2 protein chains.
Amino acid sequence: MSSRIKEIENKLVHAKFKLTTPRRLIMEILLENEGDHLTAEDIHNRLREKGHQVGLATVYRTLELFCELDILSRLNFEDASSYYELEEQDQHHHHLICLSCNKIIEFSDELLEDFMESIEKKYGFEVTDHKIKYLGYCSDCHD
Amino acid sequence: MSSRIKEIENKLVHAKFKLTTPRRLIMEILLENEGDHLTAEDIHNRLREKGHQVGLATVYRTLELFCELDILSRLNFEDASSYYELEEQDQHHHHLICLSCNKIIEFSDELLEDFMESIEKKYGFEVTDHKIKYLGYCSDCHD
DNA sequence: ATAGGAAATGAATTCCATTATCACTTGAAA
DNA sequence: TTTCAAGTGATAATGGAATTCATTTCCTAT
Ligand SMILES: [Mn+2]
Ligand SMILES: [Mn+2]
Ligand SMILES: [Zn+2]
Ligand SMILES: [Zn+2]
């Protein structure tokens, strides 16, 4: 069992949940596809391809649980589905979405820290998360 | 007919569309509720309250058209629905979303202009729109 | 070890916002 | 007027997600 899985298990146990077989299988898919943005159905399909049968409802429930425990982030691009990615403890990143080819380009937001702090002061709003999306045309799709 | 409606009509006509009765009625609802964030169903209900019968499908189609013409913005908060608000030509704004009471607080993004420009340079990405959400707890809901 | 019970699962169903369909209406142009 | 594309609205369909509920898993107390 990878140390990464162990780390997840600690988070689960700390919150009084168990690392069950379906949860472990789902986490393995997420780790194998780290860096991708996967839908619940993507994950369900990859499980089936590997010969594991996990109910789609369990996939949804597990993704929701992992989000609550900050193991995952739920992303909403400009379509109907939710996408999930492993939360990176060190650097939070955001997304550039190409309106032409739907390419997703990631960028970090170090430069935004000051702005976030000014928001907290100005509005007395305690920021716990932020979601920033830039929409437009990637270098392949303009000019 | 208000000058605001006239302005919208110009945009429509310029794009080869007509200001039909359903479209005008929907625009009136939006103007009467300027500053609010309304769902398609909200708008449909307010039309019915005023005795106007417009099909829900037409409400959806009109909202989509208005978004394409940059008359409206479509907003996605953290729930399943889309919310719409009139696009303000002068100052673009964003939203603080309270995770406790669901209050929406608006803020402008003047300070972010520099950051957006750095994104354009760094990635050769032509930004046409951006969506920024800060999630957390408003002043009524923390401490 | 065994029994009890809470937590978790999965097949099926339901939900619900949104989109598609299609017959009908409208209104501008010929 | 006639024509015909654009627009409309009742309804059905779609699809991602949530819910239901019978069953299974697995920890705990005896
Ligand atoms: Mn990402
Ligand atoms: Mn707003
Ligand atoms: Zn592109
Ligand atoms: Zn609040």
Side-chain angles (χ1 to χ4, degrees), chain A residues 8-29 37-48 50-69 71-85, chain B residues 1 8-29 37-48 50-69 71-85 102:
Chain A
I8 302 306
E9 182 170 17
N10 288 341
K11 274 198 184 182
L12 281 170
V13 170
H14 183 261
K16 313 272 187 255
F17 296 100
K18 301 171 221 166
L19 182 59
T20 61
T21 300
R23 286 172 184 163
R24 184 176 46 73
L25 290 171
I26 289 166
M27 183 49 56
E28 283 173 5
I29 297 292
H37 305 121
L38 303 174
T39 64
E41 206 137 10
D42 287 339
I43 292 165
H44 189 238
N45 287 339
R46 295 188 193 198
L47 285 168
R48 302 200 70 213
K50 294 175 75 179
H52 300 121
Q53 66 109 32
V54 176
L56 184 55
T58 297
V59 174
Y60 276 105
R61 282 187 289 236
T62 300
L63 293 174
E64 188 186 357
L65 175 64
F66 285 1
C67 283
E68 280 164 11
L69 298 178
I71 292 165
L72 288 183
S73 300
R74 171 189 273 110
L75 308 175
N76 291 111
F77 300 142
E78 297 300 288
D79 62 2
S81 301
S82 289
Y83 295 82
Y84 298 84
E85 68 180 3
Chain B
M1 184 193 290
I8 303 304
E9 183 171 15
N10 288 342
K11 274 199 183 180
L12 281 170
V13 170
H14 183 261
K16 314 272 186 256
F17 295 100
K18 301 171 219 168
L19 182 59
T20 61
T21 300
R23 286 172 184 164
R24 184 176 46 72
L25 290 171
I26 289 166
M27 183 49 57
E28 283 173 6
I29 296 293
H37 305 122
L38 302 174
T39 65
E41 205 138 13
D42 288 338
I43 292 164
H44 188 239
N45 287 338
R46 295 189 193 196
L47 285 168
R48 302 200 69 214
K50 294 176 75 181
H52 300 120
Q53 64 110 34
V54 175
L56 184 56
T58 297
V59 174
Y60 275 105
R61 281 187 290 238
T62 301
L63 293 174
E64 187 185 359
L65 176 63
F66 285 1
C67 283
E68 280 164 10
L69 298 178
I71 293 166
L72 288 184
S73 299
R74 170 189 275 109
L75 308 175
N76 290 111
F77 299 144
E78 297 299 289
D79 62 3
S81 301
S82 289
Y83 295 82
Y84 299 85
E85 68 180 2
N102 296 315

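All of these numbers come straight from a predicted model, not from anything done at the bench.
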Next on the checklist: Nearest whole Å is fine: how far is D/dC26 P from A/Glu9 CD?
Outcome noted: 13 Å
Checklist entry - When you check the phosphate oxygens OP1 and OP2 of D/dA18, does a side-chain N or O of A/Tyr60 lie under 4.0 Å from one of them? => result no
Checklist entry - Does any non-hydrogen side-chain atom of A/Ile29 lie less than 4.5 Å from one of A/Lys50? => result yes
Next on the checklist: Please enumerate all residues that pass side chain to side chain donor-acceptor pair (under 3.5 Å) together with A/His44, with sequence neighbours excluded.
Outcome noted: none
Next on the checklist: Tell me the interatomic distance from A/Leu65, atom CG, to D/dA17, atom C1', rounded to whole angstroms.
Outcome noted: 16 Å
Item to check | Positive for ring-ring contact (aromatic ring centres under 6.0 Å, His included) with A/His37, one of A/Phe77, A/Tyr84, A/Tyr83 | outcome: A/Phe77
Item to check | For A/Tyr60, side chain to side chain donor-acceptor pair (under 3.5 Å) partners two or more places apart | outcome: none
Checklist entry - With B/Thr62, which of B/Leu65, B/Thr58, B/Val59 fulfils side chain to side chain contact (heavy atoms under 4.5 Å, CB included)? => result B/Thr58
Next on the checklist: When you compare the side chain of B/Met27 with that of B/Ile71, does any pair of heavy atoms fall below 4.5 Å?
Outcome noted: yes
Checklist entry - Rounded to whole angstrom units, what separation is found between the NE2 atom of A/His44 and the P atom of D/dA18? => result 15 Å
Item to check | 5' precedence on DNA chain C between A/Pro22 and B/Tyr84 (nearest-nucleotide basis) | outcome: A/Pro22
Next on the checklist: What residues from residues 50-59 of chain A pass a heavy-atom cutoff of under 4.0 Å to DNA chain C?
Outcome noted: A/Gln53, A/Val54, A/Gly55, A/Ala57, A/Thr58
Next on the checklist: So, does B/Arg23 get its side chain near the phosphate of D/dG7, meaning an N or O under 4.0 Å from OP1 or OP2?
Outcome noted: yes
Item to check | Whole-Å gap separating P (D/dG15) and CG (A/Asn45) | outcome: 14 Å
Item to check | Nearest-0.5 Å distance, CZ of residue B/Arg61 to CG of residue B/Leu56 | outcome: 10.0 Å
Checklist outcome for this item: Under a 4.0 Å heavy-atom cutoff, the residues of residues 73-80 of chain B touching DNA chain D are none
Checklist entry - Is B/Arg23 reaching over with its side chain to a backbone N or O of B/Lys18, donor-acceptor style, under 3.5 angstrom? => result yes
Next on the checklist: Measure CZ/A/Arg61 against C1'/D/dA17 and give the value in whole Å, please.
Outcome noted: 12 Å
Checklist outcome for this item: The salt bridge (Lys or Arg N to Asp or Glu O under 4.0 Å) partners of A/Glu68 (sequence neighbours excluded) come to none
Item to check | Rounded distance in Å - CG (A/Leu19) to P (D/dC27) | outcome: 11 Å
Next on the checklist: Is the shortest side-chain heavy-atom distance between A/Ser82 and A/Leu75 below 4.5 Å?
Outcome noted: no
Checklist outcome for this item: DNA chain C: first to last nucleotide in contact with chain B (atom under 4.0 angstrom from a heavy atom), 5' to 3', is C/dA17 to C/dT21
Item to check | Inter-residue atom distance B/Thr39.OG1 - B/Leu63.CG, 0.5 Å rounding | outcome: 9.0 Å
Item to check | Atom-to-atom span, CD of A/Glu41 to C1' of D/dT14 - whole angstrom | outcome: 13 Å
Next on the checklist: Students often get this wrong, so: under 4.0 angstrom with heavy atoms, is B/Thr39 touching a base, only sugar-phosphate, or nothing?
Outcome noted: nothing
Checklist entry - Which whole-number value in Å describes the distance from A/Lys18 NZ to D/dT25 C1'? => result 7 Å
